There are 4 protein chains.
Amino acid sequence: MSPPDSTDAATHSPPQVDSFVTHADRAKTPVGVAVVGCGYWGPNLLRNFQNCDQTRVVAACDADPGRLERVGVLCPQAETTTRFEDVLAGDDIQAVAIATPVGTHARLARQALEAGKHVLVEKPLADSVADAQDLIQAAEQHQRVLMVDHTFLFSEPVRHIKALIDSGELGEIYYFDSVRINLGLIQNDVNVLWDLAPHDLSIVDYLLGRPPRSVSAIGTCHTGCGMEDVAYLNLDFGNELIATFHVNWLSPVKIRHMIIGGSKKSLVYNHLDPVEPIKIYDRGVSVTDSAEARRGLLISYRTGDVWSPHIEQGEPLAAVVRHFAHCIRTGETPLSDGRAGLRIAQVLEASERSIKAQGGRITL
Amino acid sequence: MSPPDSTDAATHSPPQVDSFVTHADRAKTPVGVAVVGCGYWGPNLLRNFQNCDQTRVVAACDADPGRLERVGVLCPQAETTTRFEDVLAGDDIQAVAIATPVGTHARLARQALEAGKHVLVEKPLADSVADAQDLIQAAEQHQRVLMVDHTFLFSEPVRHIKALIDSGELGEIYYFDSVRINLGLIQNDVNVLWDLAPHDLSIVDYLLGRPPRSVSAIGTCHTGCGMEDVAYLNLDFGNELIATFHVNWLSPVKIRHMIIGGSKKSLVYNHLDPVEPIKIYDRGVSVTDSAEARRGLLISYRTGDVWSPHIEQGEPLAAVVRHFAHCIRTGETPLSDGRAGLRIAQVLEASERSIKAQGGRITL
Amino acid sequence: MSPPDSTDAATHSPPQVDSFVTHADRAKTPVGVAVVGCGYWGPNLLRNFQNCDQTRVVAACDADPGRLERVGVLCPQAETTTRFEDVLAGDDIQAVAIATPVGTHARLARQALEAGKHVLVEKPLADSVADAQDLIQAAEQHQRVLMVDHTFLFSEPVRHIKALIDSGELGEIYYFDSVRINLGLIQNDVNVLWDLAPHDLSIVDYLLGRPPRSVSAIGTCHTGCGMEDVAYLNLDFGNELIATFHVNWLSPVKIRHMIIGGSKKSLVYNHLDPVEPIKIYDRGVSVTDSAEARRGLLISYRTGDVWSPHIEQGEPLAAVVRHFAHCIRTGETPLSDGRAGLRIAQVLEASERSIKAQGGRITL
Amino acid sequence: MSPPDSTDAATHSPPQVDSFVTHADRAKTPVGVAVVGCGYWGPNLLRNFQNCDQTRVVAACDADPGRLERVGVLCPQAETTTRFEDVLAGDDIQAVAIATPVGTHARLARQALEAGKHVLVEKPLADSVADAQDLIQAAEQHQRVLMVDHTFLFSEPVRHIKALIDSGELGEIYYFDSVRINLGLIQNDVNVLWDLAPHDLSIVDYLLGRPPRSVSAIGTCHTGCGMEDVAYLNLDFGNELIATFHVNWLSPVKIRHMIIGGSKKSLVYNHLDPVEPIKIYDRGVSVTDSAEARRGLLISYRTGDVWSPHIEQGEPLAAVVRHFAHCIRTGETPLSDGRAGLRIAQVLEASERSIKAQGGRITL
């Protein structure tokens, strides 16, 4: 008759996004940042670096002067340039955020690291495993922070789900099923998997804390451009735990829906529901634990309450930039470091091989 | 400013479910029917055969006498028996409807055909291709009607979608994506694919009118009973047309959601929405038709109106039993004949091989 | 109706309203019942009396012989008649259920009581306060059970809400707001308030356990028949507690949505949501308790979890007929007795006066 | 806020409200604007005046210096002041936008008009009819533009509905029913009607183009501050056309739902549905047009298609500020001029009298 009580700390505790910033951070001079690539995502980075008291936007760089004009409205104090060399040479630029087309990530990030800059790269970190590994090495060699913008890891709902799973509330995890589809902004240098699946892959990587054992993928292209626009990706983590993602640029409806099935409870994360983004279902199947009973189908169903914890709304990208600044100052390893970016690239590269093998499973 | 006009016959024409019954049918004596298997689905068959003026329920058969007691409420005039032999021997029984566990379909259907009965079998027709072929042969040999209860083919929304596709309203079909999940009634003799996917397979088979070229499937079992409870099935029809199904007995939420992506328009069929089961989206992607342009990403988006045609509500099973009676009388081939059942069995058998091959593609 | 899947069973749990029936009930002979009025609601009564082991349908009565034919399918053993006198004279008829047009309720119920029958009347009990009072008197005089079919009082969601309110979970109740609108079914002898508002009035009467102090109503008629088809009803219970109902026969959408605002928590009851009919919101406004503070707007907001208790699904009418049989046997006063019906008639009669007074408040 | 995906662009089309601005506007110097009141709504005004090429923000004024600090981020070039006199004295300030508490609107607007400024006032224009009339007179006397920020009149959905009604698509309008409820933001100088109902009142005023004949209102206060927090307002336009609004600061759920019932079609406007804000239902009731037939209830129902026109997304406030600038330049009367503000104040003042008269109807 009564809602889960307030002693259930794991699920009720307020999210701790500010854990990304220590008291010490606040005392220091803001980190000077340049944003490279001011198209779709760049302005979001500019706005958040501008609003963060740990950072200041020193420069913005884009090959298109028209885009740079608009930067002035957001960051009047920032210098603008069409030449990446200017960014590399900027003495007051300690960090570079790269929001350019995927194919250019590795080259630009490498140059920035070599110039002694800390680097935040948009997802995916790079479009190949080799490039991702190369960036990790460059960051280590130059002792600079390399972070990937796996934005969802810094969102309240995903952090809440992490706490729920870690507390054992869901029991053993059975499966992840994610649908991330809409009428898309078709990219011309990567397919729909490289564009959308990094979100799901980074979420599952964060929630499970271990990599999949193998990958299978299916994809088709309907635009004639050679890039898959509808794709399905399946990860096998062993022990009957699978994660399956449907990503799609040709869907008439926008869906952001992830089911996490557990042995005790199951969870639905609907990113588009601002009021109840997470619902926890006290529902499941119980199997009588004897081989004999199983043959006789001694399976029972539980259908219990549904519970939707209050989730604070906030812009995850604000937490991303704070965390980036914090890591620069403290030398801490980012939550979404180069290795996290590498793990995603490994899955995506394997998915490309699987698509060519018509869905054949690729062991990682 | 105005809704699609009323001259758009293909989409506005009222559904013609009564096309299953000709005027001639009405004049004759009802077909005597026995329902075999009175568990979950059997009572629905009994009720619909009872209410149909083309049929009368002569007998009900089940191994469990308790279930037979309840039959009396639905069909007081029907004889009840625990012995299938009584059904086979019944002179006033022209037709037998089989709603027993899947593993028994083939044996019971074959015996009924051999006894000169017309046969309606619950989906799936049989649990193997060999058995399905055998039944087709038996029906031909004994010149009896063999029909599979692919219920959705007789539902108003699916018939409406068929008309839309055939009229060209959606353009070229790009993909089917269906999610059919819930906290299930786990079966003990078939996995979730054999249980749930026949619905999707029969719908797509009906809508496209041609079989897939290959099949890939992934499935896992979490109950320890050896039967997959979460599965994904992908069909390749060639020419970048794919159909993908997610079926799941362990989902905390019930979803019945099919997207049909087309080059002109796309459609969402939400079977659980009684008010707007079908929504047609005038949305899509247009590609400038030149290889050069494509490289430059000359892709444009259309975001137009959404339109939900009025769909009459009705019980599809009523149309199933009328169609069965009609075929018995006229000798017509049922819409969902043995061959339709065979095609579904072929896909499902291939899906089992693919699951064992870890998702490897099986050519049909 | 939808083609049920073989996986729906988990949600089809048997109704848990057996609290209405004591063990003693089960031992006795079923109560012989006649159903009078076999139009829209009558068949539901017939089916539930037929399925209840405490009752048996002895007769069905309707002025229209065509309707009586259909009764045969539901209750083959029942006698049918177009003459109400036959019902009154039936020796094996202990109880009469009246589902005729509202204007005839009082006359038929009175005759049945006078003939020594127990009576269940469809809502509203009568179309005037005088008639309702008269029926209460007649029932007392003839020592027969008089029950009104306030179906919602026997539904699981409403019973659950009653328990929540009584437990203090919601705190002090601030307001009820109910929207009960859809297209049709326009009655020709009562307006939309007499047709739809009894549901809301009986629910609020049950939940609060006390009558309103005054009534205000607004209504308009667009069909030219003189019966209001869109109406609003407001009840004042004193102490700033109000209940407001929107009832409407001309709405393009069907809504059944009741908000219950409380000082601690608030609740939404969406009768059309089969999965989460009740949602409890740990949200509200807290006012610092000092006049001075109030002037300074020391108001704070709480936005907490949402919780949806599992509600068993079941047909409330099954509980209605069992409760009716139980009261007949035990002499207990029905939960929805004549006095409950009278209270609703009092509000509705006042609402008519208020509509004529253009919304002027009528003290009860 | 959510982490935007790289795929949202397709739905972010630019607002199509440029009809408010003529070509001539573009050639001239931007109008110098001061924003007075930088609390909840002021920053939205600042941002839109900043982004509009017809206006430039010269100054921002607020009694709270803390709020002024934040203005610097939005409009670095703007001067800030805590003294309204500075605004009045500013030579380069041609226009003043007032977003202060409701009780101060009239005084500030009057002073601004007297100082020769054009004035945009947040809704409601004033908290009394007398003040609203006084402002109209002052504007005429000083030949300045007086505009009220009835934002919804500049939104795409409402403009679309206006066109639908004017085209006759819905037939004769039967009723408006609007629900505008949520938790907070409780105001300390006006009740929930003065706070929320201006939205609905201005929408209906715009759509119908004529004022109501009478008003009835009910309201209660649960915070002890004397301001109603739950209220219902009914307008009678004669001829059985009514408009009813539910406004509520204590609702656990946020609803913005308006039904417009018509003789031909009906419409639902759900402001919170970004995908399908307007749905048009080809549903209704047809009455056989003879008194005799009506008595016999010859009413038939139509249940047809549902159609959701594509509505461009855009920020209505951008159109508000452009329209304000346009009227300043051309001398045109604003769509939402002082008289529109007066009409809303007349209804709200009457609603206060009706609440005190316990819902008694007040003729306008």
Side-chain angles (χ1 to χ4, degrees), chain A residues 172 174-175 177 179 181 183-188 214 216 218 220-226 229-230 232 234 236 240-242 244 246 248-253 259 261 263 265-268 279-285 287 289 291 294-297 299 301-303 306 354 357-361, chain B residues 172 174-175 177 179 181 183-188 214 216 218 220-226 229-230 232 234 236 240-242 244 246 248-253 259 261 263 265-268 279-285 287 289 291 294-297 299 301-303 306 354 357-361:
Chain A
E172 183 190 349
Y174 283 164
Y175 66 88
D177 177 83
V179 178
I181 66 180
L183 192 62
L185 195 66
I186 292 179
Q187 308 289 309
N188 65 351
S214 66
S216 168
I218 289 163
T220 50
C221 169
H222 304 87
T223 59
C225 70
D229 43 41
V230 177
Y232 297 85
N234 175 272
D236 184 357
E240 304 293 326
L241 170 52
I242 59 173
T244 313
H246 174 201
N248 191 325
W249 279 332
L250 298 185
S251 170
V253 286
I259 308 175
S263 61
K265 290 179 183 168
S266 291
L267 180 152
V268 171
K279 287 182 166 192
I280 299 143
Y281 295 80
D282 185 11
R283 293 180 186 164
V285 173
V287 185
D289 198 11
R294 268 175 248 149
R295 277 195 295 276
L297 190 63
I299 287 170
Y301 300 90
R302 280 177 300 103
T303 310
V306 184
S354 180
Q358 301 195 69
R361 189 156 292 274
Chain B
E172 184 190 349
Y174 283 165
Y175 65 88
D177 177 82
V179 178
I181 66 180
L183 192 63
L185 194 67
I186 292 179
Q187 308 289 308
N188 65 350
S214 65
S216 168
I218 288 162
T220 50
C221 169
H222 304 87
T223 59
C225 70
D229 43 41
V230 177
Y232 297 85
N234 176 272
D236 183 357
E240 303 293 324
L241 169 53
I242 59 173
T244 313
H246 173 201
N248 190 325
W249 279 332
L250 298 184
S251 170
V253 286
I259 308 174
S263 61
K265 291 180 182 167
S266 292
L267 179 152
V268 171
K279 287 183 166 191
I280 298 144
Y281 295 81
D282 185 11
R283 292 179 187 166
V285 173
V287 186
D289 198 10
R294 268 175 249 149
R295 279 195 294 276
L297 190 62
I299 288 169
Y301 301 89
R302 279 178 301 103
T303 310
V306 184
S354 179
Q358 301 195 69
R361 190 157 291 274

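Not measured: the values here are computed from a predicted model. Letters A, B, ... mirror the listed sequences (proteins, then strands); counts begin at 1. Note that these values count all heavy atoms, side chains included, but never hydrogens, waters or copies made by symmetry.
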Problem - Closest-packed option against chain B by number of heavy-atom pairs under 4.5 Å, given V230(A), I242(A), T244(A) - result: T244(A)

Exercise for the section: Please answer whether the main-chain N or O of T220(B) pairs with a side-chain N or O of E240(A) as donor and acceptor at a distance below 3.5 Å. Expected result: no

Practice task
For each of D236(A), I218(A), V268(A), tally heavy-atom pairs with chain B at distances under 4.5 Å, and name the one with the top tally.
Solution key: I218(A)

Fill in the blank from the handout: If you tally heavy-atom pairs under 4.5 Å between each of G261(A), G360(A), S251(A) and chain B, the highest tally belongs to S251(A)

Handout entry: Plane angle bin for H246(A) and Y175(B) - parallel if under 30°, tilted between 30 and 60°, otherwise perpendicular
Key = perpendicular

Problem - Inter-residue atom distance L250(B).CG - R283(A).CZ, 0.5 Å rounding - result: 13.5 Å

Practice task
Name the region of Y174(A), side chain, backbone, both or neither, that has any atom closer than 4.5 Å to a heavy atom of chain B.
Solution key: both

Practice task
Please look at N248(A) and chain B and tell me whether the side chain, the backbone, both or neither of the residue comes under 4.5 angstrom of a heavy atom of that chain.
Solution key: side chain

Handout entry: Choice from D177(A), V306(A), D229(A), V253(A) maximising heavy atom contacts with chain B below 4.5 Å
Key = D177(A)

Problem - R361(B) to Q358(A) - nearest heavy-atom pair and separation - result: NE-O, 3.1 Å

Problem - Contacting moiety of I259(A), where chain B heavy atoms sit under 4.5 Å - result: side chain

Problem - Residues that S354(B) engages under side chain to side chain contact (heavy atoms under 4.5 Å, CB included), provided they are two or more places apart - result: S216(B), A217(B), I362(B)

